Amino acid sequence: MLIYKIFRASEWAELQAKGVTDGAPIDVADGYVHFSDADTVRQTAALHFQGEADLVLLAVEADALDGLKWEESRGGTLFPHLYRQLHMSDVVWHKALPIVDNVHQFPDLG
């Protein structure tokens, strides 16, 4: 099962350059890397990245991640949280997440 991480272009560039990351500032503050699944990623974009351009959507295979826990968040919904650094080798694919009329345009998530 694929899970998804939204990064700003600078955060994505840092992961590419270093090969690992502790995540975005909110991830560092919370002590884990926040992910969403296919059912929640659009809402995550709307709530936490409203109006932001230059975003990148990363897909990661959940079954291949050690340190991944599904925990309750937003209204009791389970979200995947990664309790270790995210490695470039964890990323299955990445795609730009353009914004049109203030709405992020997602690729087919399958």
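Everything quoted here is computed from the prediction, not taken from an experiment.
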Inset, instruction - Can you sort out the partners of T77 under side chain to side chain contact (heavy atoms under 4.5 Å, CB included), two or more places apart, ordered by chain and number? - result: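 Side chain to side chain contact (heavy atoms under 4.5 Å, CB included) check on T77 returns T40, F79.
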Legend entry - Residue list, side chain to side chain contact (heavy atoms under 4.5 Å, CB included) with N102, at least two apart or on another chain: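 If we apply the side chain to side chain contact (heavy atoms under 4.5 Å, CB included) test to N102, skipping adjacent residues, the hits are Q50, I99.
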Side-chain heavy atoms of [X] within contact of [Y], under 4.5 Å:
| X | Y | value |
| --- | --- | --- |
| E11 | P25 | yes |
| L109 | V41 | yes |
| L97 | Q105 | no |
| H34 | H81 | yes |

Legend entry - Gap separating the NE2 atom of H48 from the CD atom of Q43, nearest 0.5 angstrom: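 These two atoms lie 8.0 Å from each other.
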Inset, instruction - State the OG-CG distance between S73 and D30, to the nearest 0.5 angstrom. - result: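 S73 OG to D30 CG: 9.0 Å, rounded to 0.5 Å.
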Could you work out, with side chain to side chain donor-acceptor pair (under 3.5 Å) as the rule, every residue matching [X], not counting sequence neighbours?
| X | answer |
| --- | --- |
| E52 | R8 |
| D39 | none |
| D54 | none |
| H94 | none |

Members sharing [X]'s hydrophobic cluster (side chains within less than 4.5 Å):
| X | value |
| --- | --- |
| L58 | M1, I3, F7, W12, L15, V33, F35, V56, V60, L65, L68, W70, L78, L82, L86, M88, V91 |
| L47 | none |
| Y32 | Y83 |
| V20 | none |

Inset, instruction - Write down the atom of L57, the atom of F106, and the distance for their closest heavy-atom approach. - result: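 L57 and F106 have their closest heavy atoms at CD2-CD2, 3.9 Å.
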Legend entry - Nearest atoms (heavy-atom pairs only) where G23 meets V28: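 Minimum heavy-atom separation between G23 and V28: O-CG2, 4.1 Å.
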Inset, instruction - Could you check H104 against L55 for side-chain contact (heavy atoms from CB on, under 4.5 Å), going step by step and ending with a plain yes or no? - result: CA-CA 9 Å; H104 292 101; L55 299 178; 3.2 Å; yes
Inset, instruction - Please confirm whether the backbone N or O of A24 pairs with a side-chain atom of D27, one donor and one acceptor, at under 3.5 Å? - result: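 Yes.
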Legend entry - salt bridge (Lys or Arg N to Asp or Glu O under 4.0 Å) against K18, all qualifying residues, sequence neighbours excluded: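 Partners of K18 under the salt bridge (Lys or Arg N to Asp or Glu O under 4.0 Å) test: E14.
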Legend entry - Where at least one partner belongs to residues 78-105, residue pairs that pass salt bridge (charged side-chain N to carboxylate O under 4.0 Å, His left out), sequence neighbours excluded: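 Passing the test, one end in residues 78-105: D66-R84, R84-D90.
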